[in-house]
Protein chains: 2
Amino acid sequence: MARKRRPAARPEEILDAALAVFTEMGFAGARVEDIATRAGLSKGAVYVYFDSKHAILTALVRRLADRVIGAAEALVEAGAAVSAEQTLRSLLGFIAVQMSDPKISAAPRLVIAESQRFPEIGAMYRDVVLARVRRLIARILEKGIAQGAFRDVAPEVLLRLCGGPIVAHMFLTTVFADPDAPGPAPDVIAKGIADMVLNGLKVRQETAT
Amino acid sequence: MARKRRPAARPEEILDAALAVFTEMGFAGARVEDIATRAGLSKGAVYVYFDSKHAILTALVRRLADRVIGAAEALVEAGAAVSAEQTLRSLLGFIAVQMSDPKISAAPRLVIAESQRFPEIGAMYRDVVLARVRRLIARILEKGIAQGAFRDVAPEVLLRLCGGPIVAHMFLTTVFADPDAPGPAPDVIAKGIADMVLNGLKVRQETAT
DNA sequence: AATATTAATGACTCATGGGTCATTAATATC
DNA sequence: GATATTAATGACCCATGAGTCATTAATATT
């Protein structure tokens with residue numbers, strides 16, 4: 001076989017290939033050789049760069065999550081000027097749109113699937129990703145309460161109320177997708193969720209601040 | 001080996017054993033022999049009652065989901081007399097408590113984990129379980145709107161807003177549980193979620209119906 | 001008691017795929 | 001151009017575990 005020597009580029013290429021293969025076949029269904037072939041390498045070469053199949057998964061999840069969370073943090077940072085409500089709306093919209101991309105939602109899906117067998121990966125996701133999400137939510141909430149715009153709810157509740165619907169939407173459009181009944185577009189859902197998170201379900205006389 | 005012949009009881013026993021083993025090791029990590037041993041049988045006997053490892057999983061998920069959904073339907077049925085808000089609160093509380101039991105949340109977790117490789121199981125869950133949840137939510141919503149108590153939101157949005165936080169809570173207390181920082185109790189979370197789903201996050205002058 | 005039926009066994013087959021390593025080919029160094 | 005270094009190969013090993021099936025033991029039937 002023809003050989004190329006480009007060590008610097010390899011890890012990224014392998015992770016790209018791994019994302020594609022994992023997304024198609026799931027972690028258990030993916031063969032390391034599939035990943036290697038897709039990356040234009042032999043199986044042995046993969047083991048030059050990663051210790052095990054799981055090390056590939058871990059690195060992949062880290063990379064995927066880091067990108068999205070980094071962007072989300074920048075977005076909240078940039079929202080320092082505007083109202084807490086507006087920041088929360090943009091954040092929800094951003095995450096909802098991101099998570100509607102199967103290439104990106106693959107990360108949490110893989111983590112959830114594999115953490116049964118390998119709890120470390122669940123712990124890693126919690127410490128690396130969820131901790132940062134918690135911080136974002138807490139910051140927006142504090143600001144909103146300080147401004148008198150938000151009720152004083154527990155951050156853990158708000159985390160579940162904001163993250164949950166997005167995760168639910170992600171599952172409903174990937175794992176539980178019905179080819180015959182396509183669901184609503186992500187931005188429509190994002191707006192619907194944001195409206196409800198902010199205004200609630202009950203009918204009221206509009207006398208908000 | 002000593003042998004007992006009790007064909008009628010076997011399938012249930014195998015499913016009980018399968019739940020325990022799947023919960024501990026995940027689907028891929030579980031061996032059919034583990035399940036057999038736990039059920040007090042040999043591996044061969046399992047194949048008398050189930051065609052494959054996957055058939056066991058499918059039957060198990062069906063059974064688990066059916067119980068919970070059946071109870072939820074009864075609860076909504078019983079709530080015909082009370083207000084839509086009250087029915088929604090009971091339903092959220094019931095599901096949240098149920099889903100905080102790892103033996104029960106194992107069903108959706110397994111489905112999500114395996115449907116990457118075996119899309120049929122995702123489709124089954126959608127058609128058998130989620131369809132019924134959709135119907136419950138739609139019924140409560142219609143009633144609430146008819147009574148003038150609820151805003152006229154899309155059922156798909158309400159489904160995500162009610163189901164999502166519960167699912168999120170379930171993941172946060174199973175897959176992403178932090179042994180050092182135990183989360184809030186399920187009923188506390190359920191109430192917090194219900195309050196927010198109904199009232200929203202924004203501060204308002206209380207002038208509700 | 002003899003015979004038929006079927007629940008249950010457990011040793012077996014066989015495909016699979018993760019991981020290894022001696023070898024080879026491409027680059028770097030002198 | 002010779003030598004050293006290391007990226008990459010691919011044949012190989014080996015544990016694993018799903019599923020099979022001839023056999024055996026427990027009940028049912030006569």
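Every chain is numbered from 1, with letters handed out A, B, ... down the list of sequences.
- For the pair B:I35 CD1 and D:dG19 P, the interatomic distance rounds to 11 Å; values are reported in whole Å.
- Here A:A30 lies in heavy-atom contact (under 4.0 Å) with sugar-phosphate atoms only.
- As a whole-Å value, the separation of B:D34 CG from C:dG10 C1' is 16 Å.
- Side-chain contact between B:E33 and B:S42 is absent, with no heavy-atom pair separated by less than 4.5 Å.
- No hydrogens or angles were tested; on distance alone, nothing pairs the side chain of B:K53 with the base of D:dG17 as donor and acceptor under 3.5 Å.
- One can place NE2 of B:H54 at 16 Å from P of D:dG17, the figure rounded to the nearest angstrom.
- Among C:dG10, D:dA18, C:dG19, the nucleotide with an atom closest to any side-chain atom of B:S42 is C:dG10.
- Proximity of a side-chain donor or acceptor of A:K143 to a complementary backbone N or O of A:A80 within less than 3.5 Å is detected.
- The CG atom of A:L41 sits 10 Å away from the C1' atom of D:dA7 (whole-angstrom rounding).
- The only option from A:I137, A:V167, A:L141 that meets the side-chain contact (heavy atoms from CB on, under 4.5 Å) definition with A:C162 turns out to be A:I137.
- The separation between A:L57 atom CG and C:dG19 atom P is 12 Å, rounded to whole Å.
- In this structure, the OH atom of B:Y47 is 14 Å from the C1' atom of C:dC12, given to the nearest Å.
- In summary, A:R89 and A:D195 engage in a salt bridge, as defined by a charged side-chain N under 4.0 Å from a carboxylate O.
- When the side-chain nitrogen and oxygen atoms of B:Y49 are compared with OP1 and OP2 of C:dA7, none of them lie within a distance under 4.0 Å.
- Within the 4.5 Å cutoff, no side-chain heavy atoms of A:R134 are placed close to those of A:L158.
- For B:K43 against C:dG10, a side-chain-to-base donor-acceptor contact under 3.5 Å is absent.
- Nearest-nucleotide assignment on DNA chain C puts the 5′-proximal partner with A:E33, out of A:G44 and A:E33.
- Rounded to whole Å, atom P of D:dT20 lies 16 Å from atom CZ of B:F50.
- Rounded to an integer number of Å, the gap from B:D51 CG to D:dA18 C1' is 13 Å.
- Listed nucleotides C:dG17, D:dG17, C:dA8 differ in distance to B:R31; the shortest reach to its side chain belongs to D:dG17.
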